[in-house]
Amino acid sequence: MIEKLTKKLDLIEPLVDALNNDELTTLYRFLCDRIQNPDFYAVFLGETSSGKSSIINGLLGKTVLPVDARPTTGVVTEIDINSTDDKLFAIDRQACCEEISMEQFRQFSVKPSKDLLKLVVHKNVPNNCLKGIHLFDTPGYGAIVREHEEVLKEFLPNADLVVYVVNYAVGIQNDDFYFLRSIKELLRDDTQFVLVVNMCPPSVPTADRRIVEIRTTASNLLGSDTELFIANRITLDKASTEHALPKCEDLWRCIANMLNSPSRQQRQYELFDSFIMDFFERCYDEADNRYNASTLDDETMQMLADEQEALAAKIEGAIDTLVKPAFAELISNLPQKIEETKNAAYKAIDKEIEAKPQSANQQQVINFTTEHLLPHHVEHQSKEIVTYYIETKLDNLNQQVEDLINKGTIELQKNINVNTNPNVVKATRQIASNISKKVIDSGLRNYFSAFGGAAGAGGGIANAASHALKKIGDLIGHKFTLATHNALKHTLSKIGFTSSKVLGGTAVVLTELIFIAWDFATWKHSLRKDVSKALDQWSKDTLPPVEEDLRKLELKNCQTISECAGIIRAEITYPDGKTSAALQKDVALADQIRVELTKLK
Amino acid sequence: MKTSTSILDNQLVAILDKYDSVNLPGTNLRDRSALLQDAPKVIPVIGMQGVGKSTLIDALLGEFILPAEADETTCIPVEVKYGEPRAEVFRMGDAKPFTTVNDQDGLRQYVDNNFNHGNEKKIAKIVLYRKCKLLETGLSIVDLPGVGSLTQANQQTTEDYLKNCCAAIIVIHTIPTITKTEAIFIKSHLMFFGSSIFVQNNWGETEQELQSSTEFNRDVIDRISKEANYTGDKSITVVDADSALRGACQKDSGMVQSSNIHALISKIEAYINSWDDINGSNIIAGVGLAIEKAIKTIDAKIGEINMSQQEARAQKQKAINEFNAATGSIKQTIKDTKKYLNTKEIEYRQLVKEKIDTFTKQMQAEMEKKINGGVVDGDDIERAFRDHQESRYPDLCNDILPHLFEVKSKIENTLEDVGDIMYDDSDTNRNVIDGNPGTEDPGKKGRRAWNVAAGIAGFAGGTAFASTAAAASISAALGVATAGIGFIVGIGISLIIGAFGAWRVKKKMEGIKSKIINDMRKLYPQINSSLLSDFNNRFNDFRDNAYKCFDAILDNRQKEVDSMTEHLDDAPTSIADKESLESDKNYLKTKLNELNK
């Protein structure tokens, strides 16, 4: 399959050479490199001290990642096992990369500064069959500080595989529960998932009750059956200062199989194939535009440039006229929506408590309140009110921006038709149509993508767009994807996460009270008061992160619109010293390549 | 409606029947027209529980009659229509009322959950008679079970009402604004039923609250309308139902005036009139098509005069060939659709299975977490189970319904395509019936599709088509009425209720948790399979009814061609018949001109 892709790339090469455009050449090289060396991202997740680092150390054959009885991984750590060197790096939020010593590495890992984005381990593991793999060790979900949680959530859509590690003795805990339940929303559809039960007693059977329970719960939460691996506890000599290195051969073999599975190869092939075809279209338009531009006089070129500028300015105007007001409204209404959620939840819970007989078993009522009433109603009402409000408002904004861009491009074409000298009409129209196409292909899709998969809203288009963006993102590298992939979906699921996490805290408020013996006559009153307190706490804790997420999304939207305007401005193409005839030859070459490419299908 | 009745006089019916003894289009159209005339006009009031449906109906009637304060209603449909004031209570399966009540207290015995827990009295519906001006037109206003409260038991009654639904009143709150579940519910309604009147109930919110809330609700309605392909009226009528009701009772006309209830009443009246118009224009379109066909037949017969036996035979043979060619295209269209349905069915079943598996699995995980956390009381478990289901089930529907909608649209398109083929060879007078030449009339295709399905002789679904407004006809005829009106919740709840007796915990909690978890594990597969068969049945009903309709179309085509073949060797029309043919034709032409006006 790689051969076919390479053949296509070879076909396109003469065109790239002829165009001699820096951006296209860079993209071409990047694409070639990517096809030769595809990446595979495996992310290790799980509760604090479930042994994620140990398992990776096991693969490395050496205690590289710090492990200890107390939490040691405080920051996302990338491990590249196919490096030619053995080096350690720290990368900060400004994307500065610094080589560090082992000592520093351990220090940073245990106590990361807020400015640290991630740690990177370069390691040469000889004879491994995990070519192209990047492993990511992560802090336990419960132990993550806010900043690092963001990194993790933004990174998850890039994962090809999630390895979820659960400690045998601990089982699935509250944090695991909330995390597993909503993780699917943060992942791509084709992301694979495996479960590792770590630190099992030696020679425990897979039918062990505990293991079956863990697996059942995990599978149920994920909504689909999951592959299971067992890692045994390794007992070291009491005096040993070494750390255990679990082997987990099955797991690594399974990952290697995933890497090389025909279905994955096929997916990769399709993805790359569409990259190549997209890239070719870009080259084609470039050649076409150059030739057309060469046939136009200066006046027409100027007119075109003016039109483009006008369109770019109009689209940029959306930032101030549409995006900012919409977000300002959203953010100013947010407290009220959270208040409504709180009140709706309280009303529902109150009704249930009221309905309990005075003589009810208090313990059971409290259990019911903390385990069901509070989490259910808060979650349900947030989904119904806050999330839906944000989703609808943003969907509406999306529509307005889309209309503006559509109208703008139609107008551009119309103006060009009206104002162009009839002799050059065809060439000018062609350029105008290429511009519009590009705006719609990249700019608009870019914008769309910010809403990808927003809970069904125009799901088809948005998902397709988000897929397309993922492709563009991959062309430029993972960094780009990280910034733009599925921003809204992200924000919404993060709100879900935030609520759930905050809920954990809320429940604590109540759990503390379980031990207080209430007066028989007034227990309902007391319980209600505490529910109200817990809900107040919830709303107080929920507002800031949601607001922050919205501000980030606003920024991202403004950037996307600016990028879109940039695409329009950049489109003005003057012939670069070549004669019109030579440029026409380039178009002919492109046409010929198109024919060849079609033959390869 | 009046036009269609007056135009179908005895002579026209006789002439139309005379020239098409297979379809008897005259009788058929007259029957359909009569059916439509007598068909009840139903406007259901739908919305989430507690949104104020009963108060709104009371406000329309101008009296406190439906118990609105009930904490939880039993979700029995209450139909309000014109007549001597009384309320008849119908039990399930009975055609006659088993009792009559006269006031709010009497009604409360049946519709309030406190007096009729879980509808233990097995009431199918209540018909309330009132002498109210609005109802004089033959209108029935029906308080339908809303989201989450439609059960298998009241599904049939609900479906019966929907067959005659001319427009639905959808009630929403001012605060809270439309919620996600509510939006899904409204969307599913719009997908399958079209015409809607959005009423926002205002309970004394401030001007500012009202404005921002209405704006948001409008955004939501725009958004879901787009998703549901709904092109009808999207405006929101804001009504203060409570003031309207109190104003009416206190004879305070200022209060009634400011409540805006009159705006709603005018809207309802407009809908009833337009419903008549739609049905009338369907019939008129049908009459026009039948006249065109008859004229064509007459022309052919007149053409035979002066022909030799052989020439006449050749002409008839040519007509048969053309007819067969058209039938061939129809067969192909149907075949393509069947193929599409087959592919779609596989996709649908796959999707439904995946979604339901995830649904039940997550339900299990949630429930087990709660039980492990100490929720062990039977009532608590039941409540948690119910809450979880009510929260997630709409999402499940939201994922699945668009696929049913797609199938429905495909079947509609097929009927339209068949209509195109069937009537394409008689386009001489088409524009007279279907509007000005050149301008695409969007209703034209629909009217023709309606006539295709309703006009098939001997097709039982035709009755459904004939008695239903165009927009909803296909949904109703295809038997997916309830897919659009609400979510059938309750699957699994009865299973789980039965299991609770054993779980009432009095003393020790230890050990009981795993017992409950284990007991409940037996239930999830049952819940899974009932959900599965429910969703699959909806598709099956769709498919089966569409197939029946297609078969009937082809069967009819066969009968027509058989009849044509039978008369192949008849003697050519003799000159003696000319006068009568010409006179029939002239009459048809006069009628056509009349239609044109």
Side-chain angles (χ1 to χ4, degrees), chain A residues 172 174 177-178 180-181 184 213 216-225 329 333 336-337 340-341 343-344 348 351-352 355-356 360-361 363-373 375-377 379-381 383-385 387-389 391-393 395-396 399 455-460 507 514, chain B residues 71 175-184 187 209 212 216-220 222-224 226-227 354-355 357-377 379-381 383-385 387-388 390-392 394-395 398-399 402 505-507 509 517 521 524:
Chain A
I172 294 205
N174 235 358
F177 183 87
Y178 287 121
L180 283 171
R181 196 182 57 169
K184 275 240 159 143
E213 275 306 296
T216 307
T217 308
S219 295
N220 284 343
L221 284 169
L222 291 164
S224 56
D225 286 326
E329 198 197 333
N333 283 336
Q336 192 212 325
K337 289 289 154 190
E340 275 175 36
T341 304
N343 293 340
K351 200 176 123 193
E352 294 290 329
K356 290 281 171 199
N361 179 327
Q363 179 67 62
Q364 281 184 19
V365 177
I366 291 169
N367 288 347
F368 184 51
T369 311
T370 51
E371 285 296 326
H372 173 68
L373 294 176
H376 172 80
H377 289 290
E379 208 173 77
H380 179 65
Q381 299 297 347
K383 180 177 93 173
E384 292 286 329
I385 301 172
T387 318
Y388 191 65
Y389 174 73
E391 202 182 305
T392 306
K393 281 284 176 194
D395 194 65
N396 194 292
Q399 192 62 48
I514 293 177
Chain B
D71 203 32
I175 288 179
T177 46
I178 300 178
T179 63
K180 190 176 182 196
T181 299
E182 201 174 3
I184 297 171
K187 185 170 91 181
E209 283 172 328
S212 92
F216 179 75
N217 285 339
R218 199 168 287 140
D219 282 355
V220 174
D222 277 347
R223 180 179 168 193
I224 54 185
K226 206 175 292 169
E227 286 167 16
E354 272 168 28
K355 295 282 173 194
D357 279 353
T358 307
F359 180 83
T360 33
K361 280 186 166 167
Q362 288 182 341
M363 173 187 271
Q364 180 180 349
E366 292 275 345
M367 291 307 296
E368 291 183 358
K369 177 174 193 295
K370 284 166 190 180
I371 296 165
N372 276 324
V375 178
V376 289
D377 176 74
D379 288 341
D380 290 349
I381 293 173
R383 170 48 67 193
F385 181 86
D387 282 346
H388 179 81
E390 280 176 13
S391 175
R392 302 295 174 86
D395 294 331
N398 199 31
D399 288 339
V505 187
K506 292 281 175 246
K507 332 164 245 174
M509 246 199 250
I517 287 176
R521 280 189 181 175
Y524 304 112

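So you know, we letter chains A, B, ... as the sequences are listed, proteins then strands, and number each from 1.
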When the 4.5 angstrom heavy-atom criterion is applied to A/S224 and chain B, the contacting part is backbone
With a 4.5 angstrom heavy-atom cut-off, which part of B/E366 approaches chain A: side chain, backbone, both or neither? both
Under a 4.5 Å heavy-atom cut-off, does chain A meet the side chain of B/K355, its backbone, both or neither? neither
Gap between atom CG of B/N372 and atom CD of A/E213 - 0.5 Å precision: 8.0 Å
What pairs with B/E368 under side-chain hydrogen bond (donor to acceptor under 3.5 Å, both in side chains), at least two apart in sequence or on another chain? B/Q364, B/R521
List in chain and number order the residues that pass ring-ring contact (aromatic ring centres under 6.0 Å, His included) with A/H372, two or more places apart in sequence or in another chain; answer none if no residue qualifies. A/F368, A/H376
Ranked by heavy-atom pairs below 4.5 Å to chain A, first place among B/I175, B/D395, B/D222, B/D357 goes to B/D395
Non-hydrogen atoms of chain B under 4.5 Å away: do they reach the side chain of A/T216, the backbone, both or neither? side chain
Between B/I178, B/T358, B/T179, B/T177, which residue shows the highest count of heavy-atom pairs closer than 4.5 Å to chain A? B/T179
Does any part of the side chain of B/K180, heavy atoms only, come nearer than 4.5 Å to the side chain of A/T387, both counted from C-beta? no
Non-hydrogen side-chain atoms of A/K393 and A/E329 separated by less than 4.5 Å: yes
